[in-house]
Trainee: 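Provided herewith is a single structure, encoded as structure tokens, for subsequent inquiry.
Given the structure is predicted, the values throughout are model-derived calculations rather than measurements. Residue numbers start from 1 in every chain, and the chains themselves are labelled A, B, ... in the order their sequence lines are given, proteins ahead of strands. These numbers come from the heavy atoms of this one structure, side chains and all, not from hydrogens, waters or symmetry mates.
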Amino acid sequence: MELSSIFDFTLIYATIRAATPILFAALAAVITQQADIINIGTEGIMLTGAFAAVCVSFFTGSWLLALLVSMVAGAVMSMIMAFAHIKYKADICAIGTAINMLALAITKFGIKQFLGTTGSFTSPKIIAIPKLHIALFDNNKYLNGLFNNWSMMEIFGIIMVFVMSFLLYRTVWGLRLRSVGRFPMAAETAGIHVNKMKYQVMLISGILGGMAGAHLSIGYSQMFTENMTNGRGFMGVAAMFFGNANPVMAWIGCLLFGFTDSLGGRLQSYGWPSQFVLMMPYIITIAVLAVSLWRKYVKEAKAKSSLVTK
Amino acid sequence: MKINNKYINLLLTIVVSMFIGAVVMLILGYNPLEAYFQLFKGAFVGKLNLGTTLQKFVPLLLTSIAFVISSRVGVFNVGVEGELYLGAMAAAWVGFAFKGLPAPIHLILCFAAAMVVGAAWAYIPGSLKARLGVNEVCVTILMNYVAKFITSYLVNGPLSAKTGVPQTPAVADGVKLTQFMKPSQAHTGLFIAIVVVVVIFWLMSRSTTGYKFTSVGLNPLHAEYVGIDPKKTMIRAMLLSGAVGGIAGAIEILGVYGYFLDNFSSGIAMDGMLAALIVKSDIKMVPLMAFFLAVLKSGALGMERYTGVPKSIVDTIIAIFIVFATMEALFVFNKRRKAKKEEQSALPGKQN
Amino acid sequence: MESVNEYIVEMTDIEKSFALVKAVSNGQFNLKKGEIHSLIGENGAGKSTMMKMLYGIYANDGGVIKIKGSEVTGLTPKIAIEHGIGMVHQEFMLVNELTVLENIILGFEPKKNMIIDFDSAKKEIQKYIDTYNMDIQPNKRIDQISVGEAQRVEIIKTLYRGAEIVILDEPTAVLTPQECKKFFEILNSLKADGKSIVFISHKLNEVMEISDRITVMRQGKFVDTVNKEDTNTAELAKMMVGREVFLNVAKKKAEVGKTVLQVDGLWTSGEKELSKIRGVSLDVKAGEIVGIAGIDGNGQSELIEAIAGLRKVEKGTVKLDGVDVTNRSPKKIREAGLTHIPEDRNLRGLNRRMTIMDNMVAVKIDQKPFAKGIIQNHKEIRSFSEKLIEKFDVRPRNPLALTQALSGGNAQKIVVAREVDADGKLLIASQPSRGVDIGAIESIRKILNEVKANGKGILLVSADLEEVLSLSDRIIVMYEGKITGMMSAEEANEDNIGMLMMGGYSEGSDKIVQAGGEALS
Amino acid sequence: GCGSKSSGSSAPAESGTSESKAPADKPLKVALIYAGFLGDKSFNDSAHEGALRAKEELGIELKEMESKEPTEWESNFVAMAADGYDLVIGVSTQFQEIMTKHCPEFPNTKFALIDGVVEGDNIVSSTFAQNEGSFLAGAAAAMFTTKTDIPGVNADKTIGWVGGMDIPVLHDFFIGYEQGAKYVDPEIKILQSFAGTFNDPLKGKELTIAQYSQGADIVMNVASGTGTGILEAAKEQGKFAVGVDLNQDDVYPGSILTSMLKRVDQATYLAIESVVKGTFEGGKTTYLDISNGGVSLTDMSTMKTALGDKFPQDILDKITELEAKVKSGEIKVNAYEGFGRK
Ligand SMILES: Nc1ncnc2c1ncn2[C@@H]1O[C@H](COP(=O)(O)OP(=O)(O)OP(=O)(O)O)[C@@H](O)[C@H]1O
Ligand SMILES: Nc1ncnc2c1ncn2[C@@H]1O[C@H](COP(=O)(O)OP(=O)(O)OP(=O)(O)O)[C@@H](O)[C@H]1O
Ligand SMILES: [Mg+2]
Ligand SMILES: [Mg+2]
């Protein structure tokens with residue numbers, strides 16, 4: 001086995017690539033979690049977004065319009081959730097799961113109805129979200145491999161991590177949101193409309209989820225396949241929990257997963273049993289989470305101990 | 001009074017979702033009356049149809065109960081799917097590897113193995129949560145993938161039947177659960193499931209175990225102070241939940257297939273979890289909701305078989321059904337909803 | 001002089017029902033500008049509900065609310081705030097995960113573009129800190145500050161929002177005497193600045209000390225509004241409860257028996273540096289009440305938790321009735337004879353979402369006749385709790401009611417009933433009458449004395465010095481996780497105990513703290 | 001390419017509404033039960049194509065039932081058999097057990113199993129020599145990877161292979177592929193990955209890109225729905241792929257060297273035809289291999305057009321040669337445990 005061809009510099013960009021779809025889903029989950037809403041429906045929102053993006057891109061040839069429509073589609077799905085949950089007291093996880101089923105069903109229906117095929121759809125007429133190509137890097141193998149041809153969405157995902165951190169921890173809105181999620185009564189008595197905030201975050205979450213979908217279907221690839229999200233929405237929720245609803249930490253979770261996943265793809269080529277390689281990213285993510293919390297636990301216990309003087 | 005309301009609400013919700021489903025079908029140019037007739041027929045009329053409903057009901061019921069058990073102690077166990085897979089694999093292995101044992105003992109061994117393996121699997125997220133506070137939703141989502149890959153490895157590797165299909169050798173005939181209502185796949189696992197549910201129901205409402213689960217779930221600090229170990233209790237509930245998940249897997253294998261088939265459950269436990277969530281883990285309502293989902297699923301098959309309504313539309317209508325079924329307060333009239341909200345919001349907020 | 005216009009708030013014929021209870025049926029309340037107006041009444045009398053209606057949290061079912069002379073309807077907290085009303089709630093409305101500063105500005109954040117302008121917020125807040133001499137640390141997170149500080153944060157929060165009318169719902173329940181004194185200074189300077197203050201309290205001497213006028217409520221109804229000059233504590237108590245109240249139960253000496261609790265050189269972890277217990281030794285004998293006095297947060301909670309098995313003992317031993325129970329499970333320690341009224345009834349004492357019946361039996365859940373094996377006997381549990389409900393006068397009498405629906409006093413009675421009935425060798429009573437009305441205080445004190453008379457040992461912890469003094473046979477003072485003094489009740493008085501609580505020395509104490517922290521016998 | 005072909009799939013579903021009290025010369029009623037969904041652009045779609053051809057040419061009445069839930073396969077199968085269909089076809093190895101169990105219960109119904117063998121008087125079976133087809137694909141890939149004058153091809157003697165789930169039949173594919181490649185050049189390195197799923201094109205794409213970054217320049221797709229991603233990776237990275245099951249050459253013209261055809265459509269058509277023509281022979285197993293055209297490679301015409309005169313004609317020649325050798329038995333292609341001629 002050649003380590004050099006496994007731990008190759010292309011692994012870095014591969015990690016980003018594998019992490020980005022999950023990252024968008026994770027951010028969609030982070031923002032609602034801040035208002036104490038577990039957005040299990042990310043999966044369905046993404047799928048709807050992916051479908052809408054492919055349709056619009058195929059019929060209009062405009063990726064920008066496609067991206068916008070996918071955001072709207074995601075928002076529609078999330079607003080159904082928000083409405084059911086906030087107004088009609090649906091259990092958030094139940095409505096989330098239901099939304100996932102609905103998205104699966106309507107996209108399946110839509111692919112037949114609008115695209116006239118079944119299962120999956122690809123066409124050269126699908127216009128992709130552009131990739132950033134810097135001609136200057138072309139001649140350098142490393143620069144080219146590392147930084148060239150990033151999808152706009154991959155860059156945007158990273159930007160979003162910081163935008164969201166800024167929103168949550170620096171702005172008025174973020175402060176209010178955090179109070180809504182942690183102690184709604186306190187927010188209510190400060191004159192904040194708790195439900196309004198909840199609708200707002202669901203809307204943002206839907207938009208992000210829609211973008212995540214568009215990234216899948218017209219960014220990372222140019223196709224739509226039934227259930228093409230394949231659990232990436234759920235992985236996003238897991239990453240959100242991994243990062244304890246903090247955008248940067250959730251991003252780290254996504255990168256960790258993306259890295260081990262990409263690494264696994266390379267290891268398999270050398271005859272490692274596929275199932276073990278494929279389960280590795282999941283196990284490593286759990287292990288890292290457990291170890292980091294264990295360390296925190298030990299640290300806190302030490303800080304509290306009477307036998308230790310500061 | 002209050003209980004009656006719950007059932008009436010559920011009924012009204014179903015009626016509304018049917019109405020909306022009908023509108024959708026009309027728009028798309030299908031005859032809703034015929035479709036619903038076939039849905040009904042597909043779920044209830046004839047041995048095959050009714051049998052299919054019952055057969056689908058069993059794993060839904062057990063997995064939703066497994067979810068309810070853990071939610072009693074405040075653990076959101078998304079991992080029932082993994083427990084189901086591994087329990088199924090354990091039952092299948094015992095079923096084919098120990099041929100020649102007396103059937104009753106063999107059967108008990110199959111179930112015991114499934115329960116132990118399911119429980120052991122659930123122990124991981126349970127103890128991580130209890131001891132380190134690792135979020136169980138995250139861990140169980142990830143562990144489901146791991147469980148699936150483990151069974152996939154076994155069924156394609158060491159435990160493969162080597163027939164070209166990814167499956168284990170068939171279990172001994174003695175441990176197969178008798179099928180009835182042939183040609184459907186309904187089987188006596190139904191009665192095992194009902195017994196399990198009754199036992200769990202009794203355990204939750206009439207035993208100190210149930211009391212301890214509830215106590216820890218509602219206020220772990222209080223539980224600790226009165227002498228109930230919250231960590232131990234949480235782990236015990238997860239063990240029980242895992243064991244029930246394992247039983248669900250064992251019943252599927254011994255009742256439906258007779259061998260472990262790779263990937264046999266396409267999200268059974270997710271549907272079970274959905275059933276539990278819709279009724280907010282109310283243990284009395286869970287069997288009803290599980291049955292309702294089973295009816296929908298097998299009715300959908302009928303609708304697909306005997307009407308021109310294509311599968312994708314059938315799926316859409318079922319999904320719309322479920323979306324509406326989740327809305328608890330759909331029929332709580334405006335004024336009462338407001339009162340309800342006020343009462344809820346007046347409780348001291350969640351301050352973790 | 002009594003012209004209508006001088007009232008800044010008028011609430012007349014207010015009614016409010018919840019699903020099951022009529023919380024307020026005839027509420028009257030008028031507030032003058034620049035006065036401190038106390039609202040008193042038993043637990044569940046409807047005081048908080050009245051004020052929550054004024055603050056727009058609940059809508060009133062009937063009656064009229066006027067602010068500055070004009071009627072207002074459809075109040076929400078936001079509108080109330082705009083009308084200059086601020087409220088400090090009985091349960092603090094502070095978000096644990098946020099900083100003090102963030103909590104204060106929440107909802108009224110100064111901003112520069114989109115970003116919160118923390119600097120100008122800090123400056124603004126510093127103004128209040130200086131004006132009223134309120135000591136707070138804006139950058140700490142709420143879960144890192146003391147209760148007293150949280151209280152001040154709540155007040156600054158209302159001032160920051162521009163409140164002219166400040167409602168304080170039982171602000172002193174959690175304060176030590178020293179903190180309380182300081183708090184009253186703040187109230188007086190607020191009043192001097194022309195603010196109008198509503199003060200809800202159960203402590204009648206405080207009410208007499210601070211108020212201009214006093215309104216009494218009983219069972220949701222208005223009883224009377226009186227001027228402070230025209231009344232006294234006994235009369236107020238009578239108005240509240242509807243009968244005479246005797247708080248100062250005569251201290252009866254019981255026969256002191258063998259040692260039931262022996263703590264030796266105990267070290268245990270602490271939530272804060274100052275509350276870490278470092279080498280505490282004490283003992284409690286059968287038939288005596290040992291009171292622990294001290295300012296909240298000096299390790300009392302940690303000490304009790306360590307004794308009760310709820311916190312790991314890092315060094316030292318705990319013996320209960322001669323049995324070493326150091327670091328045993330809470331269950332085992334209870335089996336060895338511990339009963340325990342915890343300091344926070346909502347957090348530990350009760351499972352608020354379980355029924356009265358389930359709470360009553362919580363510590364005996366595995367015992368006969370309530371369970372055989374794992375099978376519960378609901379009939380026995382029910383009749384048992386009905387008996388206790390009757391004996392301890394818990395209202396409502398319904399064993400199936402959820403405890404979250406009960407008023408503070410009744411909730412506390414359930415805890416007391418359960419623990420006293422459990423019949424252990426030692427009873428730890430931590431803040432037994434916190435937030436409880438005067439009628440309930442009376443009965444709880446009576447019960448504690450009975451327990452002592454029955455030959456049990458009691459370890460009493462209270463932030464209320466008056467309570468410690470009036471109940472204890474022996475008094476231990478804690479400061480920064482160590483014992484600074486121990487004396488008999490006869491020797492103790494507010495002054496020498498108060499000194500020790502602040503970390504000073506007292507002539508009366510027979511134990512002196514050494515540099516290492518180990519108390520010498 | 002294939003997308004548009006299956007657009008007619010809604011038609012048969014509608015025709016399934018059984019207005020059954022028809023006269024005696026009613027068309028033959030045929031039901032296809034899938035272990036999965038249509039639209040996989042490979043196995044299932046191929047069977048569907050065969051059925052559509054039969055419908056057009058033989059005038060049958062067609063009903064198709066799709067499901068990904070194993071418990072539904074059985075009930076769908078039984079329901080169709082019980083519902084009076086003349087011929088019920090199980091389109092997957094997965095129906096082996098189900099048919100063994102249920103076919104005897106319906107002695108008057110005829111059954112066919114595609115891609116597996118079941119004994120029974122009323123059943124015909126068909127299996128495929130996917131190892132033989134893959135052998136050719138492996139040989140083609142091994143030759144292709146050294147044609148450095150084609151842009152995108154490097155000098156490394158490395159080729160790739162990406163599968164869906166790690167199940168036995170895929171190993172049968174791989175064994176042939178490996179043998180074919182080594183036959184051409186014993187020094188060749190073959191990268192093998194499984195996506196662990198048959199319906200995650202993005203995962204397939206990622207694995208393929210990983211193999212490209214490890215020196216492969218041509219990757220074989222054996223991944224059903226996941227495979228769409230493999231093909232897309234080839235196009236996007238300017239590298240190459242080999243298609244599977246159906247002719248996938250024109251999905252991305254110029255990126256797909258050839259496709260290994262597994263004539264599921266042919267097997268389906270033949271089964272239906274035998275019933276229509278009355279030649280149905282219960283218990284017979286058709287083994288579709290290179291010699292009867294059941295498996296083969298495409299003629300690479302799409303690639304030829306795309307590459308123009310850069311197209312390496314020697315590959316085609318070599319394939320023709322190898323085909324003959326396999327047919328004649330000169331080359332014996334290995335099979336995975338449980339596969340091969342029975
Ligand atoms: N050190 C011991 N000596 C004797 N018996 C013991 C000991 N520890 C436990 N037991 C007994 O073993 C059984 C189970 O022990 P344990 O104390 O763990 O009870 P538990 O069921 O865990 O209680 P909980 O569920 O409240 O934590 C009980 O009957 C208990 O009395
Ligand atoms: N949100 C609510 N839902 C139902 N009942 C309530 C609610 N809030 C208060 N109550 C009930 O209304 C009555 C009055 O309660 P309130 O809180 O006003 O009493 P209080 O005078 O403030 O008592 P305390 O001194 O214990 O704080 C009580 O019986 C209480 O149980
Ligand atoms: Mg109150
Ligand atoms: Mg090469």
Trainee: Calculate, to the nearest 0.5 Å, the distance between atoms CG and CG belonging to A:Asn227 and D:Asn199 respectively.
Mentor: 6.0 Å
Trainee: Before giving the answer on side-chain contact (heavy atoms from CB on, under 4.5 Å), spell out for D:Lys68 and A:Glu226 the whole-Å C-alpha distance, their side-chain angles and the decisive distance to 0.1 Å.
Mentor: CA-CA 12 Å; D:Lys68 73 174 192 344; A:Glu226 232 169 65; over 6 Å; no
Trainee: Pair D:Glu236, A:Lys131 - check side-chain contact (heavy atoms from CB on, under 4.5 Å), show working.
Mentor: CA-CA 11 Å; D:Glu236 187 188 290; A:Lys131 299 195 167 193; 3.4 Å; yes
Trainee: Non-hydrogen atoms of chain D under 4.5 Å away: do they reach the side chain of A:Leu216, the backbone, both or neither?
Mentor: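 Answer is both: backbone and side chain atoms of A:Leu216 are under 4.5 Å from chain D.
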Trainee: Of all of D:Ala195, D:Ser193, D:Gly215, D:Ala210, which one pairs up most often with chain A through heavy atoms under 4.5 Å apart?
Mentor: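 The residue among D:Ala195, D:Ser193, D:Gly215, D:Ala210 with the greatest pair count is D:Ser193.
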Trainee: Passes side-chain contact (heavy atoms from CB on, under 4.5 Å), A:Leu278 versus D:Met165? Steps please.
Mentor: CA-CA 11 Å; A:Leu278 288 168; D:Met165 285 184 71; over 6 Å; no
Trainee: With a 4.5 angstrom heavy-atom cut-off, is it the side chain or the backbone of D:Gln192 that approaches chain A, or both, or neither?
Mentor: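 Just the backbone, heavy atoms under 4.5 Å.
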Trainee: Could you list which of residues 217-228 of chain D have a heavy atom closer than 4.5 Å to any heavy atom of chain A, in residue-number order?
Mentor: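 Within residues 217-228 of chain D, the residues under 4.5 Å from chain A are D:Thr228.
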Trainee: I need the D:Lys41 NZ to A:Met223 CE distance, nearest 0.5 Å.
Mentor: 10.5 Å
Trainee: Go through the steps for A:Val277 and D:Phe194 under the test side-chain contact (heavy atoms from CB on, under 4.5 Å), then give the verdict.
Mentor: CA-CA 9 Å; A:Val277 173; D:Phe194 286 97; over 6 Å; no
Trainee: Under a 4.5 Å cutoff for heavy-atom pairs, which residue among A:Arg232, A:Met228, A:Gln222 has the most contacts with chain D?
Mentor: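 Ranked by heavy-atom pairs under 4.5 Å with chain D, first place is A:Arg232.
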Trainee: Atom CZ in A:Arg266, atom CD in D:Gln214: separation rounded to 0.5 Å?
Mentor: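 Here the rounded value is 6.0 Å.
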Trainee: Among D:Gly196, D:Ser213, D:Gly229, which residue has the highest count of heavy-atom pairs closer than 4.5 Å to chain A?
Mentor: D:Ser213
Trainee: Can a donor-acceptor pair be found, under 3.5 Å and without considering hydrogens, that links the side chain of D:Asp40 to the backbone of A:Gly119?
Mentor: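 Such a contact is absent between D:Asp40 side chain and A:Gly119 backbone.
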Trainee: Sort out for me which of D:Thr208, D:Asp166, D:Leu207 touches chain A most, counting heavy-atom pairs under 4.5 Å.
Mentor: D:Asp166
Trainee: Quick check on A:Ser221 against chain D: is it the side chain, the backbone, both or neither that has a heavy atom closer than 4.5 Å?
Mentor: both
Trainee: Side chain, backbone, both or neither: which part of D:Lys203 has a non-hydrogen atom closer than 4.5 Å to chain A?
Mentor: both
Trainee: Looking at D:Leu231, D:Leu202, D:Leu191, which one has more heavy-atom pairs under 4.5 Å with chain A than the rest?
Mentor: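 Of the options given, most contacts go to D:Leu202.
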Trainee: Do D:Ile209 and A:Arg17 touch side chain to side chain, with heavy atoms closer than 4.5 Å?
Mentor: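 Sidechains of A:Arg17 and D:Ile209: in contact.
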